[in-house]
Each structure stands twice: as C-alpha cells, then as structure tokens.
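Before any comments, here is the structure.
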2 protein chains.
Amino acid sequence: MKRNRSRYAILGILTLGPGTGYDIKKFFDKSVAKFWNESYGQIYPLLRRLAAEKFVKKTVQKQDGKPDRHIYTITAKGREEIKRWLLTPVGPQIGRHEILLKLIFGSELGAADSIRQIQHFQKQQRQDLQQTEELMDQIGTGYLQGPSKPYLKLALRYGQRVNRAYLEWADEAIAALKDLQKEDGKHETD
Amino acid sequence: MKRNRSRYAILGILTLGPGTGYDIKKFFDKSVAKFWNESYGQIYPLLRRLAAEKFVKKTVQKQDGKPDRHIYTITAKGREEIKRWLLTPVGPQIGRHEILLKLIFGSELGAADSIRQIQHFQKQQRQDLQQTEELMDQIGTGYLQGPSKPYLKLALRYGQRVNRAYLEWADEAIAALKDLQKEDGKHETD
DNA sequence: ATCGGCATGTAATCCGTTACATGATTTA
DNA sequence: TAAATCATGTAACGGATTACATGCCGAT
C-alpha cells in the first residue's frame, strides 16, 4: 500500500487557510523546503483530484494583468480526512543522505578529496542554517499568525537542530580525515 | 536530467568487495538503513544494466541446498565511473520528514495528540540510536575492515548525531506543547 | 511446525522531478 | 532591458516501493 503523503501535505496547508497551487508551493519553498517540498507537477493534479473527492472546493478569482487565482478551500470532509491522517503514527523516517554515500566510498579517493566534499556540504548547511534563523526572526512579524504559529516555530527549531548536527558532524569528520592523512603521510615518508 | 544515485550506491558497495544483490541489500539494511536504502526492485535490474555497461562483471557460484550466488565484481571501468561521481559535489539534501508535516498541522488537533505523535517518533528514534551505537561497538570486530573502516565509522557518527538531534528536539517540542496545553487550560477554566 | 535467513527475480503501480508552454507586470 | 514574481498547467520520463513468485535449510 502506498501512503501518498503529498495529498496530506497539500490538504494540510489548506487547513491553515485557503490558497492557490502557487501559494502552496511558496509556503514550502519559504519555510521547510529542506525537510519537505512539493513540485507543481504534483500540486496541480492533486488539487484537482482533491476537489473531485470533495475534500476541497475551488473558487476562481479574476484579476487583471495577472492570471486568475484558483483558490482552494478545505471542506469539512477534508478536515476529517486530514485529522485521521494526523492521528496515525509516523512511519520510520527514511531519507537519502547522499553525502554519506560519497563518504563511505571515500577510500577509493584520497582523504583530501573527501575533505573537500565535506567542506562543500558544510558550506551549504551553513547557508541553510542561516536562512532558517532569519525565518525564525521573521515569524510572528510575518504572514503566519494564529494557532499554527507555535507549531511552525517548532518545525523551524527542528531544522535548526538538524542543521547544527550536520555542521558539528562535518567538523568532526574533517578533523578525523586530516588525522588519517597525517598517518598515511608517515607511512609513505618513513 | 536525472541523476540516478542508486546506480552509484550499488556500484559503490562493490568497491568494498565483490558481492551479490542480496549482499548489497544486507549491507544497507545493517548499516545506514535510515540514511540510505535500496530495494530489490532497484538492485537486481540495475546490476544487470551495470554488467551490460561493463562497469561490473558477473560470475556464478553454485551452492547446494541454496540458490546460486550471482557475484558481481567491479571492473576498472566501473572504478573510473564511481570516482568521477565521488568527485562531483553533493547537491542540496532534500528529504521528506513526515513528522514535521504532522506537527505543522497539529493545531487542527489538541496539543495532547501532537504530544503523543512526537512521543512515538521519539521512541523510534531512541531505538535507531541504540542500534547505531551497537553497530559502532561491533565495527572492527565485525565484517568490515580495511581502508573503508574509518569512513564507515564516520557514517555511523553521522547517524548518531542526527538521531541525537531528533531526540533533543523531541524533548523540546514536548515541553513546548505542554506549556501550550497549560495556557489553553487557563483560558478555558478561568 | 513455523519462522527467519539465504537467494533470485519481475510486474504493477505510483511517486516525483524536470522540462516545456504561456504571458503580463514589477523591480533592479 | 533583463530578471524575478505572479499564475496556470501538462507530458515525458525515470525513480522507487510493494507485492508477488519460488524454494531449501536450519533453528526454535
């Protein structure tokens, strides 16, 4: 059985308020992008299906100069559906951490290459962390208030902690690889 | 352009030594399963393709009572291929952390439900952490020695750090949600 | 006697990204 | 004048899981 989490992701955003496909994409991109994201190829077809199943209803707002806004609003039936999902326990979190693969097979290369790889990873993670921290400052001042605010805050804290763990690991790994390099050097020069 | 990381995951394992599809699956399952995994539906067809492309070569070992072992060995060409990949910098790590979704939409439910959800998540993470720590003790004594050993060790350290970050976050989140609950209680009873 | 491990593999189906197509408006 | 934002969507492709099929052996 496939679980179809994108469905619930999209339906979930609509519990926070009505919005368009474009809005939904923006929400992810500007908040928890590194931990959950959806593409248009997923969003638009799913919105249509959710509407057919009466979990959301669609209204069209005309604009001039800009394309119409297709606004989706969650229905009572939709709220029931997502509540059911929210109450089922999360399955095991399996991800694909490419950096680990590149590390594990690193003995194929020199330690210097692995170090460079991790430094690059580290640079990215530093940027992500900074972005998350900027977002944290903006929250409350920003566009998301109401009862979901403390929940969103906790989500950002999650991102922050995980990012920090990555960074601390990178420091440790680089140090360990430098030691390895020194030892290898000894064998060769002695 | 799609990147096809499974290819490299499989080819990469074979840099550590020859093995069967079954061995490859086992390697992931018993080491970094939470951070990278492959299914048979991915492994067997890919091994065939890698053989057709001369990145690996296949030999068959007959056994009695058990099915034949189809052993794949990486070729020089295969080693070149994976080195190229190892040298290209990692892209942004995007995952799908279901727990965050269930948290963000948590205001649909009561705080108690969110707490229960996170406690369940925490229990799982505790188990994962323990398994990783057991593996760390076994390494060296176990089946993986040689030059890749320090790399594998670092991979396990990664898992450990990330798992700890999850656990610390869970503690924080539960505490924050309990506070929320108290405040809500005040409003209702006052 | 049943369950887990060893060992192979395929088919169906779905998940998900990327690329494409369109076009006005605002900002740098 | 070029690029970003707003806004819709689809088609093609490939990634990845799940379920199924088969069968012996050893341990509990």
Side-chain angles (χ1 to χ4, degrees), chain A residues 1-11 13 18-30 33-52 58-72 91-98 101 143, chain B residues 1-11 13 18-30 33-52 58-72 91-98 101 143:
Chain A
M1 251 165 262
K2 308 268 167 104
R3 26 198 174 330
N4 211 346
R5 291 118 91 219
S6 295
R7 260 179 102 74
Y8 296 105
I10 290 168
L11 201 52
I13 302 291
T20 68
Y22 191 82
D23 292 336
I24 290 170
K25 179 93 168 74
K26 210 173 47 176
F27 178 87
F28 284 117
D29 287 350
K30 305 240 158 152
K34 293 297 171 322
F35 302 96
W36 198 280
N37 218 342
E38 297 291 342
S39 62
Y40 288 126
Q42 201 82 323
I43 293 170
Y44 285 116
L46 269 172
L47 279 172
R48 176 172 291 197
R49 276 178 57 194
L50 288 169
K58 173 178 168 175
T59 54
V60 177
Q61 193 184 78
K62 289 201 172 123
Q63 305 189 114
D64 47 42
K66 288 179 205 165
D68 295 351
R69 284 172 59 82
H70 295 206
I71 300 171
Y72 293 89
Q93 311 275 110
I94 42 167
R96 315 202 98 197
H97 297 235
E98 203 180 337
L101 281 191
Y143 62 103
Chain B
M1 247 164 268
K2 308 268 168 106
R3 24 196 176 336
N4 210 346
R5 293 119 89 219
S6 295
R7 259 181 103 74
Y8 295 105
I10 289 167
L11 201 53
I13 303 290
T20 67
Y22 191 82
D23 292 336
I24 290 170
K25 180 89 169 73
K26 209 173 47 173
F27 178 87
F28 284 116
D29 287 350
K30 304 240 160 152
K34 293 296 169 327
F35 302 97
W36 197 280
N37 217 343
E38 298 291 344
S39 61
Y40 288 126
Q42 199 82 323
I43 292 170
Y44 285 116
L46 269 171
L47 279 172
R48 176 173 290 197
R49 276 178 57 193
L50 287 168
K58 173 178 166 177
T59 53
V60 177
Q61 195 185 76
K62 288 198 175 126
Q63 305 188 112
D64 46 40
K66 288 180 205 166
D68 295 353
R69 283 172 60 83
H70 295 205
I71 300 171
Y72 292 89
Q93 311 274 112
I94 42 167
R96 317 201 97 196
H97 297 235
E98 203 181 338
L101 281 192
Y143 63 104

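Heavy atoms of A:Gly65 sit under 4.0 angstrom from primed sugar atoms or phosphate atoms, though from no base atom. Using a 4.0 Å heavy-atom distance criterion, B:Asp68 is classed as a sugar-phosphate-only contact.
Picking from D:dT10, C:dT10, C:dA7 the nucleotide with the shortest atom distance to the side chain of B:Asp23 gives C:dA7. Distances were taken from every side-chain heavy atom of B:His70 (C-beta onward) to each of D:dT5, C:dG9, D:dG9; the shortest belongs to C:dG9.
Residue B:Ser6 places at least one side-chain N or O under 4.0 Å from the OP1 or OP2 atom of D:dA16. Applying the 4.0 Å criterion to OP1 and OP2 of D:dG15, one finds that B:Asn4 has a side-chain N or O inside that range. Applying the 4.0 Å criterion to OP1 and OP2 of D:dT8, one finds that A:Thr20 has a side-chain N or O inside that range. A sub-4.0 Å separation between OP1 or OP2 of C:dG16 and a side-chain N or O of A:Arg5 is present.
Taking atom CD of residue A:Gln63 and atom P of nucleotide C:dT25, one finds them 12 Å apart after rounding to whole Å. Counting to the nearest Å, the C1' atom of D:dC24 and the CZ atom of B:Arg69 are 16 Å from each other. Protein atom CZ of A:Arg96 is 13 Å distant from nucleotide atom C1' of C:dG16, rounded to whole Å. Separating the NZ atom of B:Lys25 from the C1' atom of D:dT17 is a distance of 10 Å, rounded to the nearest angstrom. Distance A:Gln42 CD to C:dA19 P: 17 Å, rounded to the nearest Å. When rounded to the nearest whole Å, the span between CD1 of A:Ile24 and C1' of C:dG16 equals 16 Å. Distance B:Glu38 CD to D:dA16 C1': 8 Å, rounded to the nearest Å. Summarising the geometry, the separation between NZ on A:Lys66 and C1' on D:dG9 is reported as 19 Å, rounded to the nearest angstrom.
To the nearest 0.5 Å, atom CZ of residue A:Phe27 and atom CD1 of residue A:Ile13 are 4.0 Å apart. Considering OH of A:Tyr8 and CG of B:Leu101, their distance stands at 12.0 Å, rounded to 0.5 Å. Distance check, rounded to the nearest 0.5 Å: CD1 of B:Ile10 to OH of B:Tyr44 gives 10.5 Å.
When each of A:Tyr40 and B:Arg48 is assigned the nucleotide of DNA chain C with its nearest heavy atom, B:Arg48 is the one assigned upstream, toward the 5' end. Positionally, the nearest nucleotide of DNA chain D for A:Ile71 lies more toward the 5' end than for the other of A:Ile71 and B:Trp36.
With respect to the salt-bridge test (charged N to carboxylate O, under 4.0 angstrom), the residues B:Glu38 and B:Arg5 do not qualify.
Considering all non-hydrogen atoms of both residues, B:Ile43 and B:Gly21 come closest at CG2-CA, 3.8 Å.
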